[in-house]
Amino acid sequence: MTKIHSDRLNGSIDVGESFRTLESQYFQGHEVTSFAPHEQRGTLKWVRASRKPRMAFNKIDYFFEPTAMWEFPPDYEQSPEMPFQLSFVAQDTVRIQIQTRLRTAAAVPSVMLDGEVGVDKSWHGEKMEKGYRWNNECGSVELELAPFRLIFRDSKGRVLTQTYHHEDKPSLNNAYPIPFSYVRSISDMSHRMAASFSLSPGEKIYGTGESFTALNKRGQRMRLFTRDPLSVQSPDMYKPIPFLMSNKGYGMFIHSSAPMTFDIGQDYDAANTLYVDDDSIDLFFFFGEPKQILLSYTAITGRSPLPPLWSFGLWMSRITYNSEAQAREVAAKLREYDIPCDVIHLDTGWFEQDWRCDYQFSSSRFDDPQQMIHDLRKDGFRISLWQIPYFTPHNPFFEELIEKGLVITDHEGNLPTGDAILDFSNPEAVAWYQEKIEGLLDMGVAAIKADFGESAPIYGRYHSGRSGRLEHNLYPLRYNKTVAEVTQKVTGDTIIFARSAWAGSQRYPLHWGGDAENTDSAMHASLRAGLSMGLSGFTYWSHDMGGFVKKSPESLYRRWLPFGMLSSHSRAHGAPPKEPWAYSEQFLKDFRAAVQMKYRLMPYIYTQSYLSSEAGLPMMRAMFIEYPQDLACWLIDDQYLFGSDLLVAPMLEEAAERHVYLPKGKWIDYQTGEVYKGGSWATIAAGDIPIIVLVRSGAIIPQVEPAASLDFVNWEEVEAVAYSADGAACSGFFYHPITRQLVELEERKVNS
């Protein structure tokens, strides 16, 4: 039997395992039997094969062997011919759609796409000896008819990648690499596809979502299946994204919500095989360097809108503040110790029963929550609240949700797990849920933490009529959308705080990196995850400073904190204590200094965020986004660019200094003013704040005097500091034009 489920509840699925079995029937893309060049559509013949054991020299391997049809009656096709189409949706973007069975389900609008996909007229087609070619100034795509092959070239004619045909047989074992094919399961007749593309020597692949493993995915096998890994040091992901980019100058997006496995040169070094648990493939191919690829990908799936200004300040939290007294005390101490902060987050304990989400403040521990929110707001604090879309049997809404048919069921109509899981594919469930959230927002709550969302049952029945196979990965996107839209409606702000995501979730910022261990290696893994997330279309990202699982060791917390403050969004959260006054007096000073550094840089951060949102770029950038021609930048995963002008190297171990790679040009230490020459590695000591921050020579970094809250910043006095190899020179106070426009918009929104 070909399994489509894991042996454990919500376990990750390796779709590629279907292509290893002896009992399945394989169909390999063979030749184009008809093609209309003006419409770029035709039919593709798929030839049958089976896996057969072959013994040679005392070992057995499994080869592909052509197989005759063994079906009755003989009306079935020996070699099915199914439709495919190429379309040109932008100057640098080609779309390839291939079916393996006749479609009967009605087409529905994609939640992943941000509106209609366009049509571009810049591509010019021509007939070639083996087929057809279309090209423009960005590159070309060739379609060879027999054997079937797609070849992508850059503007200079160099091959970027091409599909593998079963006749290529580069290996003695003809199953390496898996050819462009699909497999038919004997258990349920379902189809799964393998889109197999060539990899070049030295080619590197990036993206695939919030992946904690090595930044370069070459040699890895990525399971794109949303799952709570309970860790940031495993291959599982809260936020898998079916998008990747290559240092060769291209990117790919698989437009599907089905489980996928990307085997990026692990099974066979020269092949990038994209396994999709679907009977069709819808692939967007992008030409260009990283910035252009991200711009084009987010043009299709959407860009992150600019979150509200206050959200860029410190979020103070732990597991968990559970009373009005605690919230007021934390707020008072932050002000007493002169630590800027804009958000107090109440996690799982603001209900009467911890974790039992009923959207009501505990009456025994919160005397007047609305007055508390009002009072804290006057002092510059917003309130953020945790909640969850899973309802346990003792939850007061458990029976109501079942009776109203607002939950996911199994195929017998029963609950698939012990919880009632809200079905966000049901408009009535969305309306019910948004009504509960709206009541909290009307009280003055500023943001909702959309926790969990990774465990929608793959064997569930959904209101959409689609299977859990297609709804599981889509659940986080529907969840993100639901929370973001009601928040925007009530408050005018585009802001959530979410853990799970899928392609398109970047339209609903922001997301954080899950349950990190309190270790140096988890800090590094979190950094890799943030960079990988940024390489997957997300502008904004946060993480739990100091780690989540246990009390943060002071030395680790001290080093993690400035890394967190130089992420787009900054939250102290996890096992208590997280408050700086619970540690040493020196740590309290260090905490204050790191937070004040971010508040001082807020004009730069907010302006860069605006520009990043417009371009689909991350605030926390892998080095090669800004320096794609610098080969060393493609190898680095422990430092990053924060916006376009600041280079940040966190102290991932307890040490006084570390190696930092500096791209060409001059770089000025933000803390000491020391000047370094780029184009090489340098050993640099951390400043008083335990992190290395370098400014690109020639940059002007707008800065402001820190205030207790971003509400209280004097935006009339933004200081422009010009950094050059001759040292930093203050050019006086000014009102930065982009910052001014953004702040004025923010003020009008608040006043209304």
Side-chain angles (χ1 to χ4, degrees), residues 302-317 327 331 341-347 350 357 359-361 366 368-389 424 430-451 453 477-499 501 505-512 539-540 542 568-571 602 605-606 609-610 613 709-713 715 741-752:
R303 300 194 178 110
S304 302
L306 181 68
L309 174 62
W310 58 261
S311 73
F312 290 85
L314 174 65
W315 297 50
M316 193 68 227
S317 176
C341 182
D342 277 79
V343 182
I344 303 294
H345 172 70
L346 307 182
D347 214 61
W350 61 280
C357 178
Y359 307 104
Q360 298 291 323
F361 281 89
F366 290 83
D368 189 339
Q370 188 155 3
Q371 187 63 45
M372 175 195 73
I373 293 169
H374 176 74
D375 292 345
L376 292 178
R377 179 69 185 82
K378 287 195 299 183
D379 202 18
F381 294 101
R382 268 81 172 177
I383 290 293
S384 165
L385 294 180
W386 178 95
Q387 55 76 69
I388 191 173
F424 287 114
V430 169
W432 181 93
Y433 173 83
Q434 288 185 330
E435 181 185 9
K436 305 301 181 203
I437 298 298
E438 187 169 350
L440 298 168
L441 298 170
D442 282 337
M443 290 178 64
V445 172
I448 298 297
K449 178 176 172 179
D451 204 358
L477 174 56
R478 295 190 189 278
Y479 181 21
N480 297 166
K481 180 176 186 287
T482 300
V483 181
E485 287 182 345
V486 69
T487 303
Q488 204 282 331
K489 171 190 168 186
V490 176
T491 70
D493 289 335
T494 304
I495 185 73
I496 61 175
F497 207 89
R499 192 176 74 177
S505 286
Q506 70 271 11
R507 302 194 299 267
Y508 314 108
L510 64 114
H511 296 78
W512 99 97
T539 297
Y540 304 104
S542 185
S568 76
H569 289 76
S570 309
R571 183 177 74 156
M602 199 57 68
I605 293 169
Y606 201 46
S609 295
Y610 168 79
S613 283
S709 162
L710 291 171
D711 286 346
F712 307 146
V713 168
W715 295 103
Q741 179 186 9
L742 296 173
V743 171
E744 287 178 348
L745 288 171
E746 188 80 15
E747 288 173 346
R748 285 200 296 269
K749 185 171 60 179
V750 170
N751 292 334
S752 65

task: Enter the distance from Leu346:CG to Ser384:OG here, rounded to the nearest 0.5 Å.
output: 7.5 Å
message: On a heavy-atom basis, which atom in Ser613 and which in Ser304 lie closest, and how many Å separate them?
response: OG-O, 2.7 Å
ring-ring contact (aromatic ring centres under 6.0 Å, His included) involving Tyr479 - partner list, sequence neighbours excluded: Phe424
- line: Between Cys341 and Leu314, the two heavy atoms sitting closest are SG-O, 3.3 Å
query: Thr494 and Arg507: which non-hydrogen atoms are nearest, and at how many Å?
result: CG2-O, 4.3 Å
- request: Answer yes or no: is there a side-chain heavy-atom contact under 4.5 Å between Leu385 and Phe361?
  value: yes
message: Is any side-chain heavy atom of Val713 closer than 4.5 Å to one of Met602?
response: no
query: In Å and rounded to the nearest 0.5 Å, what is the CH2 to CZ distance from Trp350 to Phe366?
result: 8.5 Å
- request: Calculate, to the nearest 0.5 Å, the distance between atoms CD1 and CD1 belonging to Ile496 and Ile437 respectively.
  value: 11.0 Å
field: Nearest heavy atoms of Asp711 and Gly380, plus distance in Å
entry: OD2-CA, 4.0 Å
- line: In this structure, OG1 of Thr491 is separated from CG of Leu441 (nearest 0.5 Å) by 6.5 Å
- prompt: Would you find a donor on one side and an acceptor on the other, under 3.5 Å apart, between the side chain of Gln506 and the backbone of Thr539?
  reply: no
message: Run the side-chain hydrogen bond (donor to acceptor under 3.5 Å, both in side chains) test against Asp451 and tell me which residues pass, sequence neighbours left out.
response: Trp386
task: With sequence neighbours excluded, tell me which residues meet side chain to side chain contact (heavy atoms under 4.5 Å, CB included) with Ser568.
output: Tyr540, Met619
Sequence-distant partners of His569, side-chain hydrogen bond (donor to acceptor under 3.5 Å, both in side chains), two or more places apart: Ser311
- request: Under the side chain to side chain contact (heavy atoms under 4.5 Å, CB included) rule, collect the residues that match up with Ala446, sequence neighbours excluded.
  value: Trp310, Arg382
task: With sequence neighbours left out, write down each residue that passes side-chain hydrogen bond (donor to acceptor under 3.5 Å, both in side chains) with Asp375, or none if nothing qualifies.
output: Arg328, Gln371
task: Keeping the roles fixed (side chain from Gln434, backbone from Val483), state whether a donor-acceptor pair exists under 3.5 Å.
output: no
field: Residues that Lys436 engages under salt bridge (charged side-chain N to carboxylate O under 4.0 Å, His left out), provided they are two or more places apart
entry: none
- line: When rounded to the nearest 0.5 Å, the distance separating CG of Leu306 from CZ of Phe312 is 5.0 Å
query: Who are the salt bridge (charged side-chain N to carboxylate O under 4.0 Å, His left out) partners of Glu435, not counting sequence neighbours?
result: none
Heavy-atom closest contact (Thr482 atom, Arg478 atom, distance): OG1-O, 2.8 Å
- line: Sequence neighbours excluded, the answer for side chain to side chain contact (heavy atoms under 4.5 Å, CB included) partners of Ser570 is Met545, Met565, Lys598
task: Could you check if a side-chain atom of Val343 sits within less than 4.5 angstrom of a side-chain atom of Arg571, using non-hydrogen atoms only?
output: no
task: Could I get the full list of salt bridge (charged side-chain N to carboxylate O under 4.0 Å, His left out) partners for Asp442, not counting sequence neighbours?
output: none
- prompt: How long is the gap from OG on Ser505 to CG on Leu510, to the nearest 0.5 Å?
  reply: 12.0 Å
- prompt: Relative to each other, are the rings of Trp315 and Phe497 parallel, tilted or perpendicular (30° and 60° limits)?
  reply: tilted
statement: Residue set satisfying salt bridge (charged side-chain N to carboxylate O under 4.0 Å, His left out) with Asp368, at least two apart, ordered chain then number -> none
message: Once side-chain hydrogen bond (donor to acceptor under 3.5 Å, both in side chains) is applied, do any residues pair with Gln370, and if so which ones, sequence neighbours excluded?
response: none
- request: For Ala331 and Leu376, work out which heavy atoms get closest and say how close.
  value: CB-CD2, 3.5 Å
